[in-house]
Amino acid sequence: METVTVGSIMERDAYSCSAQATLKDVTKSLIDRGVSSLPVVDDDNHVVGFISDGDIMRAIAEHKTRSIFSGGAPTMLYYDDETIEQKVLSLRERNVMELATRKVLCVTENQSVGRVADTLAKKKFKKLPVIDEHGRLVGVIRRSSIMRYAFDLLFHDNENKKQDE
């Protein structure tokens with residue numbers, strides 16, 4: 001049996017956002033498109049980051065006061081006195097790259113589905129950007145795409161067995 005590659009099951013019409021986008025634009029895009037993350041691309045469509053709803057949630061979450069002890073009295077490091085509304089409004093015009101992950105794990109179309117499934121499982125990622133040999137975004141591979149492929153194999157295998165009987 002031939003090894004199936006990412007290119008044969010990936011989504012080619014991948015949503016992405018520009019590295020110049022504001023977090024307001026990104027949040028609207030996530031909600032309007034019903035996705036939880038987006039690759040961030042530069043003007044030449046090179047992947048330069050990855051933004052998720054989790055990145056935004058961390059930015060607006062309530063943070064506990066942190067202090068350090070240096071042998072004597074504690075020294076205050078951080079005090080969070082902003083409301084969630086203030087935090088959300090302060091994100092509006094900030095650039096996506098302020099919150100985006102800059103070290104992005106990408107895959108290529110010729111990688112095997114099994115290897116990518118292993119990476120998605122181990123890293124607990126839901127999807128990965130797929131790039132060409134020049135680092136440009138050409139699609140995304142999702143867990144759901146791999147699961148759909150696996151279930152198609154199971155379904156077709158059962159159909160073939162029934163026809164053989």
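All values below come from the heavy atoms of this structure, side chains included, with hydrogens, waters and symmetry mates left out.
Applying the salt bridge (Lys or Arg N to Asp or Glu O under 4.0 Å) test to every pair with at least one member in residues 20-32, sequence neighbours left out, gives these pairs: Lys28-Asp32.
Here the side chains of Ile141 and Ile9 are in contact, with some heavy-atom distance below 4.5 Å. At least one side-chain heavy atom of Pro39 sits less than 4.5 Å from a side-chain heavy atom of Val140. You'll find the side chain of Val138 reaches within 4.5 Å of the side chain of Met10, heavy atoms only. Contact check for Leu128 versus Val104: no side-chain heavy atoms found under the 4.5 Å cut-off. In this structure the side chain of Arg142 reaches within 4.5 angstrom of the side chain of Val35, judged on heavy atoms.
Contacts of Asp44 classified as side chain to side chain contact (heavy atoms under 4.5 Å, CB included), with partners at least two apart in sequence or in another chain: Asp42, His46. Partners of Arg148 according to the side chain to side chain contact (heavy atoms under 4.5 Å, CB included) rule, which considers only residues two or more places apart in sequence or in another chain, are Ser144, Ser145, Asp152.
Side-chain heavy atoms closer than 4.5 Å link hydrophobic residues (I, L, V, M, F, W, Y) into clusters, and following such links, even through other members, never connects Val41 to Met97. Val96 is connected to Met57 through a chain of hydrophobic side-chain contacts under 4.5 Å among Ile, Leu, Val, Met, Phe, Trp and Tyr, so both are in one cluster.
Rounded to the nearest 0.5 Å, atoms OG1 (Thr108) and CD1 (Ile131) are 7.0 Å apart. Atom OG of Ser36 sits about 12.0 Å away from atom CD1 of Ile31, to the nearest 0.5 Å. Separation of atoms CD (Glu98) and OG1 (Thr22) is listed at 10.5 Å; rounding is to 0.5 Å.
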Just do the side-chain contact (heavy atoms from CB on, under 4.5 Å) check on Leu23 and Arg94 with the steps written out, would you?
-> CA-CA 6 Å; Leu23 287 166; Arg94 288 174 59 189; 3.9 Å; yes

Step by step, work out the side-chain contact (heavy atoms from CB on, under 4.5 Å) result for Cys17 and Leu38.
-> CA-CA 7 Å; Cys17 67; Leu38 296 168; 4.1 Å; yes

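Leu137 pairs with exactly one of Val130, Val47, Asp132 by the side-chain contact (heavy atoms from CB on, under 4.5 Å) rule, that one being Val47.
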Name each donor-acceptor pair under 3.5 Å that joins a side chain in residues 119-126 to protein atoms two or more places apart or in another chain, with its distance.
unit_1 : atom_1 : unit_2 : atom_2 : d
Thr119 : OG1    : Arg115 : O      : 3.2
Lys122 : NZ     : Asp118 : OD2    : 3.3

Donor-acceptor pairs under 3.5 angstrom involving side-chain atoms of residues 48-56: please list them, not counting sequence neighbours.
unit_1 : atom_1 : unit_2 : atom_2 : d
Ser52  : OG     : Gly54  : N      : 3.2
Ser52  : OG     : Asp55  : N      : 3.2
Ser52  : OG     : Asp55  : OD2    : 3.3
Asp55  : OD1    : Arg58  : NH2    : 2.7
Asp55  : OD2    : Ser52  : N      : 2.9

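Of all non-hydrogen atoms in Ala21 and Val26, the two that sit nearest each other are CB-CG2, 4.0 Å.
Ser18 places a side-chain N or O within 3.5 Å of a backbone atom of Gln20 that can act as its donor or acceptor partner.
The number of heavy atoms from other shown groups lying within 6.0 Å of CG (Asn110) is above 12.
Taking Ile, Leu, Val, Met, Phe, Trp and Tyr as hydrophobic and joining them when side-chain heavy atoms fall under 4.5 Å apart, one finds Leu89 isolated, its cluster having no other members.
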